[in-house]
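Worksheet for the structure shown next.
In what follows, every chain begins at residue 1, and chains take the letters A, B, ... in the order their sequences are listed.
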Amino acid sequence: MLTLAQIKKDKEDILLKLKIKNFDGTKIIKKVIKADDMRRNLQQEADSKQAELKSISKKIGELMKQRKANEANIAREETSQLKNKIKSLQGKQADTFKIIKDLLVQVPNIPHESVPDGKSEQDNVLIRKGGRKHKLPENPLPHWELGKKYDIIDFELGNKITGAGFPVYKGKGARLQRALINFFLDENEKAGYREILPPLMVNEDSGFGTGQLPDKEGQMYYVKADNLYLIPTAEVPVTNIYRNVILDEGDLPVKNTAYTPCFRREAGSYGKDVRGLNRLHQFDKVEIVQIQHPGKSYQSLDEMVDHVEGIIKKLSGLPYRIVKLCGGDLGFTSALTYDFEVYSAAQEKWLEVSSVSNFESYQSNRLQLRYKDMNLKNNQHPHTLNGSALALPRIVAALLENRQTADGITIPKSLWRYTGFKIIN
RNA sequence: GGAGGAAUGGCAGAGUGGUCGAAUGCGGCGGUCUUGAAAACCGUUGUACGGCAACGUACCGGGGGUUCGAAUCCCUCUUCCUCCGCCA
């Protein structure tokens with residue numbers, strides 16, 4: 001969330017920039033500022049009463065030592081009213097504080113100045129295109145047909161065991177998953193990311209820290225008995241490593257990568273786009289997360305984009321494009337996002353396989369993540385960034401569809417050492 | 001799951017009702033000395049909120065309570081350790 005300091009400093013500018021996200025924050029921000037004024041007054045009053053009580057207590061202590069019980073009792077009588085007053089002031093202050101937080105949580109992150117105007121994904125801006133379209137056989141099959149044909153992805157079996165959106169990968173299909181995971185992790189490690197294997201369930205505080213809670217609660221699977229959430233992305237546990245942490249400036253940038261399964265309820269998104277691997281309740285993903293100095297975070301964002309692009313390129317020619325999200329399509333917590341899409345040749349559509357974002361200090365404020373700034377001589381919120389590198393199912397869908405031949409599905413050369421086979425037939 | 005013990009500053013570790021934000025040691029930072037370094041010595045060294053500042057307030061695992069006053073007493077939760085049971 002935005003900090004009070006940010007809001008008080010650049011109110012007009014923030015309101016203007018939020019409009020790019022189609023968000024009118026005028027009322028909320030007004031309320032925030034009003035509540036903050038109230039809160040500060042309450043604190044001043046409470047602090048001074050508290051100081052008074054403290055000095056009386058000290059006095060009583062001394063009187064007791066001098067065995068002046070009577071005088072001590074007189075002093076004691078003064079305190080009860082004071083105590084009530086303090087309690088009430090502190091209660092009010094806590095209430096006001098909660099009001100402020102509840103309001104702040106409703107305000108999305110400020111978009112970066114380069115974010116294009118726009119309402120929906122139609123208005124996203126194409127940055128680059130790459131790869132090449134393969135020559136497909138006549139009547140190319142969509143990936144769900146190919147999965148069936150070669151007996152490598154079984155959706156019905158998943159239905160039986162669990163339900164829709166939980167496919168079973170079999171044989172070379174399973175091996176291909178494992179190969180991709182290892183390939184991605186190796187590429188990330190080569191680029192300086194440290195591998196993390198995090199918990200797959202997180203508590204409420206972690207969910208709040210990265211912004212899934214409170215608003216996106218319905219998107220996560222929830223384990224009631226233990227009050228835990230299944231992670232929708234590795235971003236959640238990996239970023240929360242740094243919740244309530246003060247880093248040294250020299251630690252930056254922090255670069256972590258993690259493979260995890262991801263669990264998403266995807267409530268309300270049934271329909272045409274959910275066939276096959278397009279949208280699942282459980283899928284595998286390798287994530288990259290960076291924590292960076294505010295002055296260098298956009299440099300890091302570019303570096304992450306280049307890195308992800310490099311991985312896709314190594315999948316020999318998978319057609320891809322990179323788009324910069326417009327204000328209307330930009331996520332609630334993001335300041336700037338690039339989406340990576342690969343072409344699904346048989347479905348004839350683009351599938352999102354990675355979303356690389358800079359959250360600036362929006363997450364680190366929630367996380368209470370700080371670093372000691374050498375120049376400013378105090379603790380500052382660093383910027384957090386993350387992206388997929390990469391999400392598996394849609395990559396698999398695109399690989400199967402683009403690389404289908406009369407003889408089977410060919411495997412990109414870069415994966416051979418991971419798969420141990422060159423063709424699925 | 002059952003029985004017991006513990007949780008204090010970056011780390012180690014004192015403190016069991018009064019002036020304790022907290023002794024001491026180590027580490028970190030600054031300085032003296034030195035050609036430089038080490039050693040020695042001196043100083044400094046948590047976080048948050050409020051305040052122009054002086055300074056005030058809060059924080060000794062989390063939450064609540066008792067008390068004029070809580071690191072210290074009580075309740076509760078969490079985590080860790082030991083023993084028993086179960087177990088990949």
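Residue contacts shown for A:Leu82 are absent, as no nucleic acid heavy atom lies under 4.0 Å away. Within the 4.0 angstrom heavy-atom criterion, only backbone atoms of the sugar-phosphate kind lie near A:Lys54; the bases stay farther away. A:Asn73 comes within 4.0 angstrom of nothing in the nucleic acid, heavy atoms only. Counting non-hydrogen atoms under 4.0 angstrom, A:Ser57 reaches a base of the nucleic acid. Looking at heavy-atom distances under 4.0 Å, A:Ala51 makes contact with sugar-phosphate atoms alone, never a base. Within 4.0 Å (heavy atoms only), A:Ile60 reaches at least one base atom of the nucleic acid. Residue contacts for A:Gln43: at a heavy-atom cut-off of 4.0 Å it reaches a base atom on one of the strands shown.
A cation-pi contact links A:Lys255 to A:Tyr193, judged by a cut-off of 6.0 Å to the six-membered ring centre and 45° from its axis. Judged by the 6.0 Å distance and 45° axis criteria, A:Lys172 is positioned over the aromatic ring of A:Phe421. A cation-pi contact, defined as under 6.0 Å to the ring centre and within 45° of the axis, is absent between A:Lys170 and A:Phe155.
Taking only side-chain nitrogens and oxygens, A:Gln44 never comes nearer than 4.0 Å to OP1 or OP2 of B:G56. Within the structure, every side-chain polar atom (N or O) of A:Arg76 is placed at least 4.0 Å from both OP1 and OP2 of B:G69.
Considering only the side chain of A:Arg40, B:G51 comes nearest among B:G51, B:U57, B:U47. When distances are taken from the side chain of A:Asn379 to each of B:C49, B:A48, B:U67, the shortest belongs to B:A48.
With both ends at atom P, the span from B:C83 to B:U24 equals 37 Å, rounded to whole Å. Nucleotides B:U82 and B:C77 are separated by 23 Å at their P atoms, to the nearest Å. The separation of B:A40 from B:U47, taken at their C1' atoms, amounts to 34 Å, rounded to a whole angstrom. If you take atom C1' in B:C73 and the same atom in B:G18, they sit 14 Å apart, rounded to whole Å. Distance check on atom C1': B:C81 versus B:G27 gives 26 Å, rounded to whole Å. Comparing the same atom, P, in B:C68 and in B:G56 gives a spacing of 25 Å after rounding to whole Å. Rounded to the nearest Å, the gap between the P atom of B:C86 and that of B:G1 is 15 Å. With both ends at atom C1', the span from B:G15 to B:C80 equals 22 Å, rounded to whole Å.
There is a side-chain donor-acceptor pair under 3.5 Å between A:Arg403 and A:Thr410.
When both pairing distances are held under 3.5 Å, B:U72 makes no Watson-Crick or G-U pair with any nucleotide shown. The partner of B:U32, taking Watson-Crick or G-U wobble pairs whose two distances both stay under 3.5 Å, is B:A40. B:G21 is unpaired under the criterion used here, namely a Watson-Crick or G-U wobble arrangement in which both key atom distances are under 3.5 Å. Nucleotide B:G27 is matched to B:U45 when pairs are restricted to Watson-Crick or G-U wobble geometry with both distances under 3.5 angstrom. Nucleotide B:U66 has no partner under the Watson-Crick or G-U criteria, as no pair reaches both atom distances under 3.5 Å. If you check B:U82 for Watson-Crick or wobble pairing at under 3.5 angstrom, you find it paired to B:A3.
Here B:G10 presents its P atom at 20 Å from OH of A:Tyr371, a figure rounded to the nearest Å. A:Phe97 has its CZ atom 8 Å from the C1' atom of B:C49, to the nearest Å.
A residue-by-residue look at A:Gln368 and A:Lys58 shows that A:Lys58 has its nearest nucleotide of RNA chain B further toward the 5' end. If A:Lys372 and A:Gln90 are placed on RNA chain B by their nearest nucleotide, the residue sitting closer to the 5' end is A:Lys372.
Aromatic ring centres of A:His293 and A:Tyr371: separated by under 6.0 Å.
Ion pairing between A:Lys190 and A:Glu187 holds under the 4.0 Å rule for side-chain N and carboxylate O. A salt bridge is defined here as a Lys NZ or Arg NE, NH1 or NH2 lying under 4.0 Å from an Asp or Glu carboxylate O, and A:Glu352 with A:Arg279 fails to meet this definition.
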